[in-house]
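Down below is the structure, laid out as structure tokens.
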Amino acid sequence: MTITRPMVAGAVVALAGHGLAVGFTIVLATAAGGGPNADLDAGGRFAALFFGVFTYGVAQLVLLVSCFTLSGRVGRGSSSGLVAGWTFGLAASLFYLCGGFGT
């Protein structure tokens, strides 16, 4: 299989969407009380975790629907890139959010 420009463009669009999803999740979870200086008792930790997971799930659902909608309107190469980018981005963002790429 040859990698084409439309395929790369589709993958870049999907990966950029994952970046936005992770960014929104981090910002909104921090705003919900999960900041670095937050006093997280048991209820506060649950609320921040639930809000973060919920936000990430909604962002991924919106991204998935967007990828399916775009793949119906663009050519086969871009469609393959969207699917590959979404799949790789999901794996990388989950790895990051679960503590991977640690410092």
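The basis for the numbers below is simple: all heavy atoms, side chains too, and nothing from hydrogens, waters or symmetry mates.
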If you look at every heavy atom in L82 and A14, which pair is closest and at what distance?
-> O-CB, 3.6 Å
Mind checking the CG-OH spacing from L90 to Y56? Nearest 0.5 Å is all I need.
-> 5.0 Å
Indicate yes or no: at least one non-hydrogen side-chain atom of H18 is less than 4.5 angstrom from one of W86.
-> yes
So among V62, L64, V58, L63, which one has a side chain to side chain contact (heavy atoms under 4.5 Å, CB included) with Q60?
-> L63
Shortest non-hydrogen separation from A21 to A59 and the atoms involved = CB-CB, 3.6 Å
